[in-house]
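Each chain gets a letter, A, B and so on, in the order its sequence line appears, and its residues count up from 1.
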2 protein chains.
Amino acid sequence: MEIIQLYKCLCDVQRLRILNLLREGPLCVCHLMEILEVDQVKMSKQLQYMKKLGLLEVEKVAQWRVYRIADLGTPLLDQNLSCLQECGPEDLRFAEDLAARKRVMKDNVAGVVAGGCGSC
Amino acid sequence: MEIIQLYKCLCDVQRLRILNLLREGPLCVCHLMEILEVDQVKMSKQLQYMKKLGLLEVEKVAQWRVYRIADLGTPLLDQNLSCLQECGPEDLRFAEDLAARKRVMKDNVAGVVAGGCGSC
DNA sequence: TTTGTACATGCACTTGACGGAATATAAGTT
DNA sequence: AACTTATATTCCGTCAAGTGCATGTACAAA
């Protein structure tokens, strides 16, 4: 994967937010949609975009597709993602997303018993 | 400066090559053109692009404009640039550019006596 | 005052990425 | 077989970003 492609991927706030979330652990599409409040088509396109680049990997778990960050050879991606929370006042969005993640995952576990994706 | 803007800047090979060169020290426009074999208009546009973002600073030295990387608050840019030489086989371009830099600068010092820009 | 050097800017054109709407698919449920 | 759920894909319009070409500017030298 070319480094330019990586930067093209990081150019988009939506994709950065997705990667920021996946950095904490894998998530299925429906949870990503719920946390980021994005419609299904848009989310799916972004995920395919990153999957084609080799940045993401998918696993089928029951009826869900669970996405996670693939292991590139380089620490470059991780280095960049680790900056997201501290890089400026306008970027508290990324911290908020992590909070939303906890909220959503908790609700799903508490609410619908055994209704969540097994591995996210 | 928003982080997205930084990544948009890094998306372009030409700009990456310029930044890679400037990381070793300031350069004037004509040297950048010579090292990267880019025409003047294109080079100037890229430099303005990065200057407007606050990534570059200019200084007038005699008849030349000497560009250097500005001090952003974050180590993010430097971290990314430091990976350029080691990030893949297709990226030996960046190492070659540094070699070309040495060659060009040496020729200018040896050839035209006092014909180079003072500070690059 | 014209010429030359070093650099910047404006304009028209093309290409590529994002959004929206509609549709497709795959697998389980009734 | 029809339906639902979860996710992917295709078509299309729009708009930003890169390119080429021509031109502008600033300043020193002849």
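Atom pair A/Tyr7:OH and C/dG16:C1' shows a separation of 21 Å (rounding to whole Å applied). Across the protein-nucleic acid pair, B/Ile4 atom CD1 and D/dA17 atom C1' stand 16 Å apart, rounded to whole Å. As rounded to whole Å, 14 Å separates atom P of D/dG18 from atom CG of B/Leu47. At whole-Å resolution of the value, CG in B/Leu27 and C1' in C/dA6 are 15 Å apart. Here D/dG18 presents its P atom at 15 Å from CG of B/Asp39, a figure rounded to the nearest Å. In this structure, A/Leu53 atom CG and C/dA17 atom P are separated by 10 Å, rounded to whole Å. For the pair B/Leu16 CG and D/dG18 P, the computed distance is 12 Å after rounding to whole Å.
Residue-level contact check: B/Gln48 touches the backbone only, with heavy atoms under 4.0 Å from sugar-phosphate atoms and none from bases. At a threshold of 4.0 angstrom between heavy atoms, the contacts of A/Asp12 are confined to the sugar-phosphate backbone, with no base atom among them.
Applying the salt bridge (Lys or Arg N to Asp or Glu O under 4.0 Å) test to B/Arg15 and every residue at least two apart in sequence or in another chain returns nothing. Applying the salt bridge (Lys or Arg N to Asp or Glu O under 4.0 Å) criterion to B/Arg17, with sequence neighbours excluded, gives B/Asp97. Residues satisfying the side-chain hydrogen bond (donor to acceptor under 3.5 Å, both in side chains) test with B/Glu57, not counting sequence neighbours, are B/Arg68. Evaluation of the side-chain hydrogen bond (donor to acceptor under 3.5 Å, both in side chains) rule for B/Gln40 yields no partner, not counting sequence neighbours. Residues satisfying the side-chain hydrogen bond (donor to acceptor under 3.5 Å, both in side chains) test with B/Tyr7, not counting sequence neighbours, are A/Asn80.
A/Ile18 contributes atom CD1, which lies 4.0 Å from atom CE of A/Met43 (distance to the nearest 0.5 angstrom).
The B/Gln46 side chain lies nearest to D/dT19 when the options are C/dC7, C/dG20, D/dT19.
Side-chain atoms of A/Leu6 and B/Leu10, non-hydrogen and from C-beta on, never get closer than 4.5 Å to each other.
For the pair B/Tyr49 and D/dT19, the criterion of a side-chain N or O lying under 4.0 Å from OP1 or OP2 is not met.
Sequence order on DNA chain C of the closest nucleotides to B/Val29 and A/Cys11 puts B/Val29 first from the 5' end. Summary of the strand contacts: B/Met43 and A/Lys42 both lie near DNA chain C, and taking for each the nucleotide with the nearest heavy atom, the more 5' one is attributed to B/Met43.
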| request: Go along nucleotides 21-30 of chain C 5' to 3' and tag each nucleotide: B for a protein heavy atom under 4.0 Å from its base, S when only backbone or sugar atoms are that close, - otherwise. | output: BB----S---
